[in-house]
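Note on naming: letters A, B, ... go to the chains in the order of the sequence lines (proteins, then strands), and numbering restarts at 1 for each one.
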2 protein chains.
Amino acid sequence: MMAHSPNGLMIRKLESIFSLCEEERQALARLPVQVTTFKADQDVVRIGDRPSQSCLLLEGFTCVYKLTAEGKRQIVAFHVPGDIPDLQSLHLKVMDNSVATVSACTLGFIPHEALHDICNRYPRITAALWRETLVDASIFREWMTGIGRREAYHRMAHLLCELRVRLTMVGLVKDQTFDLPITQTELADAIGASTVHVNRVLQELRADGLIRSKGTQVSILDWERLKAVGDFDPLYLHLRQDGNA
Amino acid sequence: MMAHSPNGLMIRKLESIFSLCEEERQALARLPVQVTTFKADQDVVRIGDRPSQSCLLLEGFTCVYKLTAEGKRQIVAFHVPGDIPDLQSLHLKVMDNSVATVSACTLGFIPHEALHDICNRYPRITAALWRETLVDASIFREWMTGIGRREAYHRMAHLLCELRVRLTMVGLVKDQTFDLPITQTELADAIGASTVHVNRVLQELRADGLIRSKGTQVSILDWERLKAVGDFDPLYLHLRQDGNA
DNA sequence: CGCCCTCTTGAGGTTACTCAAATATGGTGG
DNA sequence: CCACCATATTTGAGTAACCTCAAGAGGGCG
């Protein structure tokens, strides 16, 4: 659907943060990226692993999750094309979470060595990657606030708002509609609710005329009201321009 | 109680991650730090602010919090001496959360300019500070997992485990006892529960012989069982040595 | 001594969970 | 193209965890 050159996706992303000079752009283009495809529901890295590479998501959706001793799962993040789900492993040797595909995915693996190399040479690229991890952290804070202090109905609206904005940034939203190949069980694990409750909350959002869904396609029928219901303020995404276009 | 030189605290912290060379140590010692004291319950920075400095916590406890539209508060992090609660503002211009003191505090403010300067000159210091923000993010993930998937009784045990380990790292635990000047309302905002429920959960932890408290002093009576109840694995804190000494 | 803040207790109500089963959907092979 | 299977969604009913409201009991400080 997109992502011709894996490096191109990354370059475009960094360009949205600051203007790269020619030298930086070429250094990024030279990064060795090993492209691999995954089926849905496969672990990419697991808690306890010590990866020697990070993965750039080129196509599809991934999630970051943790399990409790009781075997319950919490999804702490979804990632969309252009994101680097395990960038943290560049500086934290042992994974404290797992990363799995949600849909079929194309991933580009970049050796840590190459990333360290480019960071040592180009401080602005270091800053941009650091910034990426800071935005991830900001999203964690926002999700935590939702899980701790908002009801499930509002959390679901909030999540849909966030996905709509992030997918817009990478050109995956058309006519207020985007593909969301995420099951209700996965949505439940993300918002900290049961599958049954997510089902009821989604029905309520549909009944209230906020969204519509056909298969994996989700359409937002009333963006302003959905934002209001979700208590959604895109500030925490730290976008250049806000994604309301 | 500690922290003679503000810079000393930071140097000791970074030394626990990697060995600084003399030049790096001196550069850190030269960082301009403006020391200020705060009373309890005061905002240090607010959501929406665009700080030109970051603050190093020298004494006391601070928290990071967000508010929902309904006016409910979620505390997403506590910080202990040696932490830099708003280090993120070095690369994210607008604050997406507020930072407040929980107890009376001493803070050292360091201009972003000086931090950028030292980062440009010493890539290993950049890496260490980046790593700090990654550990913060790891803690967010763990808290989110707790709030989403563990019951309040277990979350409270988990939080006490975490504070015990982090305070041990900075020498603030003696005989399984530490000072915890955090009200039950604040604990409630941190674990995503009501004050009433926190009160009952604490009583249960005491009745179960896991902890004891006198005023703001908390003693851990059975570390192994508290860890088990809290489903606590210190992996996510990414310590050099585990804090079980 | 009295005030304010925090902690504690009780009671009733709500959100959301679990268990269980039925229905729909989508992909696959005959 | 259809039958079949696995997976996902939907529904119902009973239950548990937790919340809100309200009021009383410390406890530290001016």
Euclidean distance, atom [atom1] of residue [X] to atom [atom2] of [N] [Å, nearest integer]:
{"X": "Leu187(A)", "N": "dA16(C)", "atom1": "CG", "atom2": "P", "value": "16 Å"}
{"X": "Arg73(B)", "N": "dC19(D)", "atom1": "CZ", "atom2": "C1'", "value": "18 Å"}
{"X": "Ile191(A)", "N": "dC17(C)", "atom1": "CD1", "atom2": "C1'", "value": "13 Å"}
{"X": "Arg150(B)", "N": "dA16(C)", "atom1": "CZ", "atom2": "P", "value": "20 Å"}
{"X": "Arg155(B)", "N": "dA17(D)", "atom1": "CZ", "atom2": "C1'", "value": "10 Å"}
{"X": "Glu151(A)", "N": "dC18(D)", "atom1": "CD", "atom2": "P", "value": "16 Å"}
{"X": "His154(B)", "N": "dA16(D)", "atom1": "NE2", "atom2": "C1'", "value": "13 Å"}
{"X": "Lys214(A)", "N": "dA24(C)", "atom1": "NZ", "atom2": "P", "value": "19 Å"}

Answer yes when Arg225(B) and Asp208(B) have at least one side-chain N-carboxylate O distance shorter than 4.0 Å, and no when they do not.
no
Spacing of His238(A) atom NE2 and Asp136(A) atom CG [to the nearest 0.5 Å]
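Those atoms lie 11.0 Å apart.
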Less than 6.0 Å separating the ring centroids of Tyr236(A) and His158(A)?
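Yes.
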Relative to the 5' end of DNA chain C, which residue comes earlier, His197(A) or Gly215(A), by the nucleotide with the nearest heavy atom?
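Its nearest nucleotide being more 5', the pick is His197(A).
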Arg155(A) side-chain N/O to Ile191(A) backbone N/O, donor-acceptor pair under 3.5 Å:
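Between the backbone of Ile191(A) and the side chain of Arg155(A) there is a qualifying donor-acceptor contact (under 3.5 Å).
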Are the side chain of Ser103(A) and the backbone of Ala40(A) linked by a donor-acceptor contact shorter than 3.5 Å?
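No, Ser103(A) side chain to Ala40(A) backbone: no donor-acceptor pair under 3.5 Å.
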Within 6.0 angstrom of Arg206(A) CZ, more than 12 heavy atoms from elsewhere:
yes
Atom pairs under 3.5 Å, N or O on each side, protein against nucleotides 7-12 of chain C: can you list them with distances?
from    : atom 1 : to        : atom 2 : distance (Å)
dC7(C)  : OP2    : Gln184(B) : N      : 2.8
dT8(C)  : OP2    : Gln184(B) : NE2    : 2.7
dT8(C)  : OP2    : Asn199(B) : ND2    : 2.5
dT8(C)  : O5'    : Asn199(B) : ND2    : 3.1
dT9(C)  : OP2    : Gln203(B) : OE1    : 2.6
dT9(C)  : OP2    : Gln203(B) : NE2    : 2.7
dG10(C) : N7     : Arg200(B) : NH2    : 2.5

Tell me whether the OP1 or OP2 atom of dT18(C) has a side-chain N or O from Lys72(A) closer than 4.0 Å.
yes
